There are 2 protein chains.
Amino acid sequence: MARVGLTTERLTRAGAELADEVGFAQVTVSALARRFDVQVASLYSHVKGSAELKTGIALFALAELADRVTEALAGRAGKDALSAFANAYRDYAREHPGRFAAAKHPLDAETAAASAGPRHAQLTRAILRAYDLDEPDETHAVRLLGGVFQGFVTLELAGGFAHSSPDARQSWDWAIEALDALLRNHATTDGE
Amino acid sequence: MARVGLTTERLTRAGAELADEVGFAQVTVSALARRFDVQVASLYSHVKGSAELKTGIALFALAELADRVTEALAGRAGKDALSAFANAYRDYAREHPGRFAAAKHPLDAETAAASAGPRHAQLTRAILRAYDLDEPDETHAVRLLGGVFQGFVTLELAGGFAHSSPDARQSWDWAIEALDALLRNHATTDGE
DNA sequence: CCCATTTAGCTAAAGTCTTTAGGTATATGT
DNA sequence: ACATATACCTAAAGACTTTAGCTAAATGGG
């Protein structure tokens, strides 16, 4: 009966790895049990069920991504920071497609509020400080950037840009450049 | 044994409605059978299985969305067209969240090529013509717009902007305005 | 050190969904 | 009217989820 040492922590982590390998949608309590060479029902001592497992992975991915972005942002500002943020985001999605999918998993309001989601918004605001936008423009910009990063990378991963030139990387750099210009244009202008 | 008149067509359509009601992920052959008051196995004469049903719904949604956009675009150009496109897209997602989710369902390369996906790209290019961008800038812009629309609306539907002001609509209008300015700035400049 | 308690992981079982195989009754056309 | 095609059925096997109750391994106090 040799104990394997299951914990909620380890299961969530292994679930994230499994997601990267087979896709977030294919993450299943059964598959996870197989991975630990343990009976399915045994997992139910550590995880309430399939739904909780998935939101656990989502929270993990959200936090990990926020950490990555935080690290990438250290000591940078302005366009340099914007570019670092964007690339950290895209790189994470490409390295960990399953976790990235997990990060998009819908959370109920309460869980979302306690997640790293708000931290993502704060990180974006930190970048925008350099562009000196008035409210509510800064909020609009937070949402625009969130949308662009999320949407562009999702389309790229889905293969939407495959088989057509130029390659996605160039469009990504172009987009960052364009967003930087856009934000500079919208900086507070005293005259208006 | 009264025949109900199942067809692949009707099943896909009903699947799309079901998706809007319970979520695309919850669309299941069994649920669809219940909806028609028919034995589950009966559906297998019309649909190869769960996977095919879902890609069918995805193709349906993609085409329907392209139709909506086409209609919205009729007789418009420039910023007016950009705004009409964007709003048709967002309105569709809000009216039909399940179909919108379906439209994001990953398709294999061959299916994607035969889908309305390329039509979406063409529609975007039609709008961009007014902005007179050189290649490869136009392609970059197609991808940027695709990403923004997809990403922003996804975040909004997921509740990412809920419980915070200003409301999503205003950020959306602001984003369209900003993108219009961005594209005008990038128009071909003979001098460079 | 051993016994009591906790608990990690087990077996059993019921419910749902998917999918295949083969049967029956309803349309359709000659 | 009858033969053919087919729309929908029953039956059954396999996978995943979840609950209930059991057993044996760890842990700690006397």
Side-chain angles (χ1 to χ4, degrees), chain A residues 1-61 98-99 101-102 104-108 111, chain B residues 1-60 98-99 101-102 105-108 111:
Chain A
M1 220 185 203
R3 300 196 175 185
V4 183
L6 300 180
T7 66
T8 306
E9 183 65 21
R10 283 190 68 197
L11 287 175
T12 317
R13 213 174 198 86
E17 280 159 27
L18 185 57
D20 285 334
E21 290 166 27
V22 305
F24 183 61
Q26 278 67 53
V27 171
T28 182
V29 181
S30 297
L32 207 50
R34 272 193 297 277
R35 166 157 303 213
F36 282 98
D37 240 308
V38 139
Q39 290 301 313
V40 189
S42 305
L43 299 204
Y44 282 78
S45 316
H46 305 279
V47 161
K48 279 212 193 78
S50 186
E52 200 191 73
L53 173 63
K54 283 190 171 170
T55 79
I57 299 174
L59 293 173
F60 173 79
R99 299 177 197 198
K104 292 186 274 182
H105 186 64
L107 303 172
D108 60 85
T111 311
Chain B
M1 222 188 205
R3 298 197 175 185
V4 183
L6 300 179
T7 65
T8 307
E9 183 64 22
R10 283 190 67 197
L11 287 174
T12 319
R13 212 173 199 85
E17 280 159 26
L18 185 58
D20 285 335
E21 290 166 28
V22 305
F24 183 61
Q26 279 65 54
V27 170
T28 184
V29 180
S30 297
L32 207 49
R34 274 194 294 278
R35 168 157 301 213
F36 281 99
D37 240 308
V38 140
Q39 291 301 311
V40 189
S42 304
L43 299 205
Y44 282 78
S45 316
H46 305 280
V47 161
K48 280 212 192 79
S50 186
E52 200 191 74
L53 173 63
K54 284 191 171 170
T55 78
I57 299 174
L59 293 173
F60 173 79
R99 300 178 196 197
H105 187 64
L107 303 172
D108 60 84
T111 311

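Just so we're clear, the structure is a prediction, and the values are computed from it rather than from any experiment. Here is how names work: the chains are called A, B, and so on, in the same order as the sequence lines, proteins then strands, and each is numbered from 1. Atoms considered below: every heavy atom in the structure, side chains included; atoms not considered: hydrogens, waters and symmetry mates.
- Relative to the side chain of A:Ser50, the nucleotides D:dA20, D:dC9, D:dT17 differ in distance, and D:dT17 lies closest.
- In this structure, CG on A:Leu59 lies 5.5 Å from CG on A:Leu107, to the nearest 0.5 angstrom.
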Quiz prompt | Nucleotide-resolved protein contact map, nucleotides 1-6 of chain D, B/S/- at heavy-atom distance under 4.0 Å | solution = -----B
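- When side chains are defined from C-beta on, A:Ile57 does not count as touching A:Leu18, because their heavy atoms never get closer than 4.5 Å.
- What separates CG of B:Leu6 from C1' of D:dC8 is a distance of 8 Å, to the nearest Å.
- B:Thr8 places no side-chain N or O within 3.5 Å of a backbone atom of B:Val47 that could act as its donor or acceptor partner.
- To the nearest 0.5 angstrom, A:Leu11 atom CG is 6.5 Å from A:His46 atom NE2.
- Note that CZ of B:Arg99 is 5.0 Å distant from CZ of B:Phe60, once rounded to the nearest 0.5 Å.
- The NZ-P distance, from A:Lys48 to D:dC16, rounds to 24 Å in whole Å.
- A straight line from OH of A:Tyr44 to P of C:dA14 spans 17 Å, rounded to a whole angstrom.
- Of the charged side-chain nitrogens involved, at least one lies within less than 4.0 Å of a carboxylate oxygen, so that B:Glu9 and B:Arg13 count as a salt-bridged pair.
- Here D:dC16 presents its P atom at 13 Å from CG of A:Leu43, a figure rounded to the nearest Å.
- Regarding A:His46, its NE2 atom lies at a distance of 5 Å from the P atom of C:dA8, rounded to whole Å.
- Sorted by first and then second residue, the salt bridge (Lys or Arg N to Asp or Glu O under 4.0 Å) pairs with a member in residues 32-49 of chain A read A:Glu21-A:Arg35, A:Lys48-A:Glu52; sequence neighbours excluded.
- For DNA chain D, the residues of residues 27-40 of chain B within the heavy-atom distance limit of 4.0 Å (strictly under) are B:Val38, B:Gln39, sorted by number.
- In this structure, A:Phe24 and A:Lys104 have side chains that are not in contact, with every pair of non-hydrogen atoms separated by 4.5 Å or more.
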